[in-house]
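Convention: sequence-line order gives letters A, B, ...; per-chain numbering from 1.
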There are 2 protein chains.
Amino acid sequence: MSYTYKDIISTLRRTGCKITPQRRQIIKVLQSSTSHLTPAEVFEKVNCNSSGTGMVTIYRTLEMLEKADLVCRFNLNNGHTGYLIRRPHQHHHHLLCNRCGLVIDLEDCHLEKLVKQVGADTGFTITEHSFELTGICPGCQQAENDARSSRVGIST
Amino acid sequence: MSYTYKDIISTLRRTGCKITPQRRQIIKVLQSSTSHLTPAEVFEKVNCNSSGTGMVTIYRTLEMLEKADLVCRFNLNNGHTGYLIRRPHQHHHHLLCNRCGLVIDLEDCHLEKLVKQVGADTGFTITEHSFELTGICPGCQQAENDARSSRVGIST
DNA sequence: TGCCAAATGAAAATGGTTTTCAATTATTAT
DNA sequence: ATAATAATTGAAAACCATTTTCATTTGGCA
């Protein structure tokens, strides 16, 4: 489960950040999304209710949230950056759907042994690792199958 | 082992690409580096012999090499892009040194089972995965230890 | 050798992100 | 509640990596 809106606000207060309407908005937008959002996407969603929040504020808020460890930041395949409300439990990996952007958390990291082994083999002190999977989620697979069968035109 | 200069040239010829002096230079620079290089780094190295190759050509050549599967492209942690001459054997992972940029190839991917398991658990069709490790290589660990002991000043 | 498509380079365009700076606002102390 | 103040905001400009444009040059084939 991800941090609740209240969690986030109180963590920010604790850090000495001011709680502005813009920040509230941005947090709500991030929270209501199951997939990662780029700064541009956050901007769009925040501004569809005509709140007039500037791009600059989006960037600054995302940066602040990242520093406070409340969101995690991805490097998307296309070189862009995505942000996702963080799940409280520490280290985990992500499974992304290529079609719809859905993100699944893989809570258990089964890689400790492998990482340790690589360290031993290479002499490196390994400080970080990332493991990202991408594919097509069940929903999008279904949608593609449906599209295919209607294209073939079983009954015409 | 990575592709040799000759391998690369002949692959390019086969693809119908022209072998220009600029391209030769760029390939040599990539080849002589054990770590990934950003376009800017390639530019710098290519131009230190005053060959006057433009940034544009660097970008275009790197793109061409990537399309020909002769280099691999990374998203660096800082958001920049790095390129590395490819090793012929297909799928593998990387171990990067945080200090000096050294890249070690991990030829064996031990993750097939885990990937398959995740697919089964989630219903995703998993098409790709990446596993990247970062840490400090033995050389840089040594250097740090040396620096530390001289700072402590064992004999002064 | 000459031709022509491909490659090059300079300059301009693009697009995401960051900085600057004056005006505004959330919080703290009064 | 109000005033003081330090943080936040937004507009515009700056930045920087990357891409596009277009006129010029060049590698490789006929």
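For the residue pair T53(B) and Q25(B), no side-chain donor N or O sits within less than 3.5 Å of a side-chain acceptor on the partner.
One interatomic measurement links the two molecules: CE of M64(A) to C1' of dA26(C), which rounds to 13 Å at whole-angstrom precision. Going from atom CZ of R14(B) over to atom P of dG27(D) covers 22 Å, rounded to whole Å. Summarising the geometry, the separation between CD1 on I26(A) and C1' on dG10(D) is reported as 12 Å, rounded to the nearest angstrom. To the nearest angstrom, C1' of dG15(C) lies 17 Å from CD1 of I58(A). One can place CD of E44(A) at 16 Å from P of dG15(C), the figure rounded to the nearest angstrom. In this structure, Q25(A) places its CD atom 17 Å from C1' of dT25(C), rounding to the nearest Å. Here the P atom of nucleotide dG16(C) and the CZ atom of F43(A) are 12 Å apart, to the nearest Å. When the C1' atom of dA6(C) is taken as reference, atom CD1 of I19(B) falls 12 Å away, rounded to whole Å.
Residues satisfying the side chain to side chain contact (heavy atoms under 4.5 Å, CB included) test with R13(B), not counting sequence neighbours, are I9(B), I19(B), R24(B).
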Using atom names, set out every protein N or O paired with an N or O of nucleotides 1-7 of chain D below 3.5 Å, distance rounded to 0.1 Å.
residue: dA6(D); atom: N3; partner: K18(A); partner atom: NZ; Å: 3.2
residue: dA7(D); atom: O4'; partner: K18(A); partner atom: NZ; Å: 3.3

For nucleotides 17-22 of chain D, which of its nitrogen or oxygen atoms have a protein nitrogen or oxygen under 3.5 Å away, and what is each distance?
residue: dT18(D); atom: OP1; partner: T81(B); partner atom: OG1; Å: 3.4
residue: dT18(D); atom: OP2; partner: Y59(B); partner atom: OH; Å: 2.2
residue: dT18(D); atom: O5'; partner: Y59(B); partner atom: OH; Å: 3.0

Could you write out each protein N or O paired with an N or O of nucleotides 13-15 of chain D at a distance under 3.5 Å?
none

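Note on T57(B): every side-chain N or O is 4.0 Å or more away from OP1 and OP2 of dA7(C).
Residue whose closest nucleotide on DNA chain D sits further toward the 5' end, between T61(A) and P21(B): T61(A).
Each end of the helix from dT1(C)-dA30(D) to dT30(C)-dA1(D) gets its own axis from five base pairs, and the two axes differ in direction by 30°, given to 10 degrees.
Side-chain N or O atoms of S10(B) include one that pairs as donor or acceptor with a backbone N or O of D7(B) at under 3.5 Å. Q141(A) places a side-chain N or O within 3.5 Å of a backbone atom of I136(A) that can act as its donor or acceptor partner. Looking at E128(A), its side chain never comes within 3.5 Å of a backbone N or O of T134(B) through a donor-acceptor pair. Here the side chain of T15(A) pairs no donor or acceptor atom with the backbone of C17(A) at under 3.5 angstrom. Side chain of D146(B) to backbone of A143(B): no donor-acceptor contact under 3.5 angstrom is found.
In summary, the aromatic rings of H129(A) and H93(B) are positioned with their centroids too far apart to meet the 6.0 Å limit.
Under the ring-ring contact (aromatic ring centres under 6.0 Å, His included) criterion, the residue pairs touching residues 6-48 of chain A are H36(A)-F74(A), with sequence neighbours excluded.
Salt bridge K45(A)/E41(A): absent, no basic N to carboxylate O contact under 4.0 Å.
If you check every strand for non-hydrogen atoms under 4.0 Å, R13(A) touches sugar and phosphate atoms only.
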